[in-house]
Structures are given as structure tokens and as C-alpha cells.
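Accompanying notes for the structure given below.
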2 protein chains.
Amino acid sequence: MSVTKAFPEGQVFSADCPSRRLLGEITSKWGVLVLIALADGPLRWSGLLRRIGGVSEKMLARTLRSFEAEGLVLRDARPVVPPHVEYSLTDAGREVTDRLVPLVVWAEEYAVRAHTAERD
Amino acid sequence: MSVTKAFPEGQVFSADCPSRRLLGEITSKWGVLVLIALADGPLRWSGLLRRIGGVSEKMLARTLRSFEAEGLVLRDARPVVPPHVEYSLTDAGREVTDRLVPLVVWAEEYAVRAHTAERD
DNA sequence: CTGCATCCCGCAGGATACTG
DNA sequence: CAGTATCCTGCGGGATGCAG
């Protein structure tokens, strides 16, 4: 069988494939930003909020919860007062960012390229 | 300056950075599927429609138009009857899929992993 | 400091019908 | 075959206020 295909797997193309949901969460508007923010190292709630320009608390919370459930992000809450909560990537989470960061870096560079040369 | 950062660039984190829009289109629900579908080679309109389970004509059209405008996808319409229109990746488009395919492959595998072992 | 609850809105996105 | 037009819905996502 052909091994020349660039994308041999075909599961995602099925509408009911579970990978669709997972992929949707990872590539969601705030999902990619949360993941690459954590790629630099653990961050606290307030740190994430400050780092990611434009996130609302609501969306940050929702995104973090879904990643926790998915096993991509770890939540470490120290029982102190005032509360101290730190978020970090799990091993699986790091596998994602390893693949995600190059994409985002490319997008930044291409956006600059287009902005500079007007792509004409 | 520190070169130890996993993600040294910080543009995307600004709410008004142009890369946000570009990234949003690429990682949109149908955007990633269209791109990786074309990673295997050029496809016709009907081919894309069949390959990508669940796309409506409307969303396929919108996605292709935006990628055309962005310079990621090339539209080749032969003036014959019945019409024959072929879509393919530009060089920039291939740069995207080079980075996108590994992510999708990972998601498929992880989804299977989670489904099999219930991740507990 | 770290959130959750509520209200509200726009737009992504689906279904259907029509056209060159 | 390769689309466009229209209508309609759900939910992504913002703003604000409150709580442990």
C-alpha cells in the first residue's frame, strides 16, 4: 500500500471521530495560547491572565478545566491563604506544545512577512 | 538575553497582533481539515466535500476563500464544461501543513490512547 | 488571590434551495 | 460540477458581580 501519502491516517476525516473533539479543544482560540504560555514553564492563574492578552476569566477557567480533564494540564493548588495555584503541562501536554509551538512561530513570522511585503 | 525559553516570541500574546487572526483561520474547525486534506495532493471541490466528513458547502467555500486570500491555497479553475476546479497548497500552505500534520497525527493517536485505556 | 454565576450578544456554522 | 443565497440556531465568548 502507498506510503507516499503526506497524511496517511484518515480518522479525523470522519465526522464522529473522537480526535475531532480533542483537536477542537487544542486549536480553540484560547486553547493554543494557554498551551504555548505554559510551554515556557508553570504559571499561576494571575500569571496566565496577564500573559494572555484579552482572555476573560471565564474563558481561561473553561479552557484550563477542559485541559485538566483531557490530561494535558496539571493544576497544583497549595492550601495557603491567600490561595496559590500553579498550572503546568503534563507529559502529554508537552507532546502537544512540541508540535504546536512551531506552528505558532510560523504564523507570527508569516503575519509579519505579509504585513511587510503586502504579499503581492 | 535568554535563549532557554521554549517560546521566546511574544507577539501572539498581544490581543491586537495580526498573527492572532491568521492563527485563528488555520486552526479553525474546518481550516485544519481542509489543509491536511490538501497535504496529500490537489483535490477538486467535490473531492474535498467527500473527503472531509461533515463539511457543509457553505463552510468549505468560506474556508477555501479565506485561505486563497491568505495565500495558503491555490484555486485552479479550468474553463471547461462541466466545470473542473482544482485546489492545491501554495508553498506557504505546505509550510503550514508541515507543522500541522504532526499535531493532527498526535491528536488521533492520543484520542485512541484515551479511548482504549480510559486514561485513569 | 483564585475563581464561579449570570446575563447577553455576535458570529460560526448547519439546512435548504437555487444558479452558471 | 461548482458553487452562491437565505434563513435559522447554538454556543463561543465578553462584561460584570459575587465568593471562598
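Each chain gets a letter, A, B and so on, in the order its sequence line appears, and its residues count up from 1.
Summary of the strand contacts: B/Arg50 and B/Ala61 both lie near DNA chain D, and taking for each the nucleotide with the nearest heavy atom, the more 5' one is attributed to B/Arg50.
When the side chains of ILVMFWY residues are joined at heavy-atom separations under 4.5 Å, either directly or via intervening members, A/Leu49 and B/Val12 end up in a single hydrophobic cluster. Both B/Val105 and B/Ile26 are part of a single hydrophobic cluster, where members link through side-chain heavy atoms under 4.5 Å apart. In terms of hydrophobic clustering, with Ile, Leu, Val, Met, Phe, Trp and Tyr side chains grouped at heavy-atom distances under 4.5 Å, B/Val85 and B/Leu72 are assigned to a common cluster.
Of all non-hydrogen atoms in A/Ala92 and A/Gly71, the two that sit nearest each other are CB-O, 3.8 Å.
A salt bridge does not link A/Glu25 with A/Arg62: every distance from a Lys NZ or Arg NE/NH1/NH2 to an Asp or Glu carboxylate oxygen is 4.0 Å or more.
In this structure, A/Leu43 places its CG atom 15 Å from C1' of C/dC1, rounding to the nearest Å. Atom CZ in B/Arg75 sits roughly 8 Å away from atom C1' in D/dA2 (whole-Å rounding). Separating the OH atom of A/Tyr87 from the P atom of C/dC1 is a distance of 14 Å, rounded to the nearest angstrom. Here the P atom of nucleotide C/dC4 and the CG atom of A/Leu49 are 13 Å apart, to the nearest Å. Here the P atom of nucleotide C/dC4 and the CH2 atom of A/Trp45 are 7 Å apart, to the nearest Å. Taking atom CG of residue B/Asp76 and atom P of nucleotide D/dG3, one finds them 11 Å apart after rounding to whole Å.
At D/dG3, one or more side-chain N or O atoms of B/Arg65 fall inside 4.0 Å of OP1 or OP2 (strictly under the cut-off). For C/dT2, one of the phosphate oxygens OP1 or OP2 lies less than 4.0 angstrom from a side-chain nitrogen or oxygen of A/Arg44.
Side-chain atoms of B/Glu86 never come within 3.5 Å of backbone atoms of B/Arg75 as a donor-acceptor pair (strictly under, hydrogens ignored).
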**Q.** Base versus backbone protein contacts along nucleotides 9-20 of chain D [heavy-atom cut-off under 4.0 Å; B, S, -]
**A.** ---SBBB-B--B
